[in-house]
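Computed from a predicted structure; not experimentally measured.
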Amino acid sequence: MGWLLINLSVLAKSIQDGTLSKSMILFQLFCALYILDYFVHEQFMTSTWDIIAERLGFMLVFGDLVWIPFTFSIQGWWLLVNEVKLTTAAVIANCLVFLIGYVVFRGANKQKHVFKKNPKAPIWGKPPKVIGGKLLASGYWGIARHCNYLGDLLLALSFSLPCGISSPVPHFYPIYLLILLIWRERRDESRCAEKYKEIWAEYRKLEFINETLVLFDESEMDVLANWSLNEL
């Protein structure tokens, strides 16, 4: 909510100064939809790695109360003092990036949550494919190794695209998120390989689209495996 309140304050300042632009409207709209979506689908948050594995501590508290509100709103602050004129084509392209990112991000997280509740529930109308009885490889999770992160990256990019490409400052969020996901992938790769051994090796043999470009957090698949065993 802190992120949304800061964004709304920036919006009010823009209206007060008479500088409200298409860029500001797009940024505000995308962020508001993204934030409010978490409240609508709050149950899906309980299935995320941050909630399951990171647990309550300095990183989670500082991140939610300080880091996210004050750094993810940089685009709005930047637009207050920088004028960006978007063409109609740019607006349409930006909206498409947001929509695709949202569909992939929310769809993948929903499938993960459904698998947690019922490992035998159909995914896209078909029985789920599970590797070694533990690792989900159906739906979005069978197309790429971690589609929800791909969707999250597209969403982050859509928040910054209204600012144009004249400065790297308003692109802090997607750049930061990319670095974070790369670090997480490196950290968790060895962990799952050690825990699942032959099953992990079998899972790695699956053919994924653009495997090197779609980031994958093996720890979340670790969580999926634990959930499936608990539910069976």
Side-chain angles (χ1 to χ4, degrees), residues 3 30-31 34-35 38 44-45 47-55 57-64 66-75 78 94 97-98 100-112 131 135-137 139-161 163 165 167-197 199-226:
W3 180 12
F30 293 159
C31 287
Y34 179 79
I35 295 169
Y38 270 95
F44 297 161
M45 284 297 297
S47 306
T48 62
W49 173 250
D50 289 342
I51 300 300
I52 295 296
E54 298 294 358
R55 301 181 182 181
F58 172 80
M59 184 172 68
L60 191 61
V61 173
F62 178 82
D64 288 344
V66 180
W67 182 258
I68 290 178
F70 288 99
T71 61
F72 290 11
S73 58
I74 287 176
Q75 301 94 319
W78 190 87
N94 201 165
V97 172
F98 175 81
I100 293 172
Y102 175 80
V103 169
V104 173
F105 174 75
R106 179 53 60 213
N109 280 332
K110 181 178 180 180
Q111 289 178 353
K112 179 176 62 176
I131 304 299
L135 304 179
L136 177 64
Y140 285 106
W141 300 86
I143 294 176
R145 297 187 61 193
H146 215 301
C147 271
N148 63 335
Y149 280 175
L150 173 62
D152 210 4
L153 284 169
L154 289 175
L155 286 169
L157 181 61
S158 74
F159 301 157
S160 297
L161 285 178
C163 301
I165 57 174
S167 171
V169 174
H171 293 272
F172 171 81
Y173 179 20
I175 293 173
Y176 155 76
L177 185 61
L178 177 62
I179 294 173
L180 174 68
L181 296 183
I182 291 175
W183 169 72
R184 179 172 286 186
E185 189 274 336
R186 298 292 184 268
R187 181 190 65 180
D188 297 323
E189 171 71 21
S190 58
R191 175 179 178 178
C192 282
E194 179 180 355
K195 179 172 183 177
Y196 294 109
K197 297 180 174 62
I199 296 177
W200 186 250
E202 181 182 355
Y203 177 80
R204 297 270 303 175
K205 292 178 181 179
L206 294 177
E207 294 184 0
F208 294 102
I209 297 176
N210 252 349
E211 179 175 323
T212 58
L213 297 180
V214 181
L215 296 174
F216 175 78
D217 180 359
E218 287 80 3
S219 57
E220 286 203 25
M221 193 59 75
D222 186 0
V223 173
L224 289 179
N226 290 334

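In this structure Ser160 satisfies the side-chain hydrogen bond (donor to acceptor under 3.5 Å, both in side chains) test together with Gln75, sequence neighbours excluded. Taking the ring-ring contact (aromatic ring centres under 6.0 Å, His included) definition, one finds that Phe62 meets it with Phe58, sequence neighbours left out. Applying the side-chain hydrogen bond (donor to acceptor under 3.5 Å, both in side chains) rule to Asp152 yields the partners Tyr34; only residues at least two apart in sequence or on another chain are considered. Residues satisfying the side-chain hydrogen bond (donor to acceptor under 3.5 Å, both in side chains) test with Tyr102, not counting sequence neighbours, are Asp37.
Remark: side-chain polar atoms of Trp3 are not paired, donor with acceptor, to backbone N or O of Phe70 under 3.5 angstrom.
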Worked verdict on Val104 versus Leu154 for side chain to side chain contact (heavy atoms under 4.5 Å, CB included): CA-CA 9 Å; Val104 173; Leu154 289 175; 5.5 Å; no
query: Going through the checks in order, is the side chain to side chain contact (heavy atoms under 4.5 Å, CB included) test met by Trp78 and Ser167?
result: CA-CA 10 Å; Trp78 190 87; Ser167 171; 3.8 Å; yes
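Between Gln111 and Tyr140 the shortest heavy-atom distance is OE1-N, 2.8 Å. Considering all non-hydrogen atoms of both residues, Thr71 and Ile74 come closest at O-CG1, 3.1 Å. For the pair Leu153 and Pro174, the tightest heavy-atom approach, listed with the atom from each and the gap, is CD2-O, 4.3 Å. Minimum heavy-atom separation, Ile131 to Ala137: CG1-CB, 4.0 Å. Residue Ala156 comes nearest to Leu177 through the heavy atom pair CB-CD2, 3.9 Å, listed as atom of the first residue, atom of the second, then distance.
Remark: Leu181 CG to Leu150 CG distance equals 10.5 Å, nearest 0.5 Å. The structure places CD1 of Ile100 at 10.5 Å from OG of Ser158, a figure rounded to the nearest 0.5 Å.
Aromatic ring orientation, Phe72 versus Tyr176: tilted (interplanar angle from 30° to 60°). Classified by interplanar angle (parallel below 30°, tilted 30° to 60°, perpendicular above 60°), the ring pair Phe98/Phe159 is tilted.
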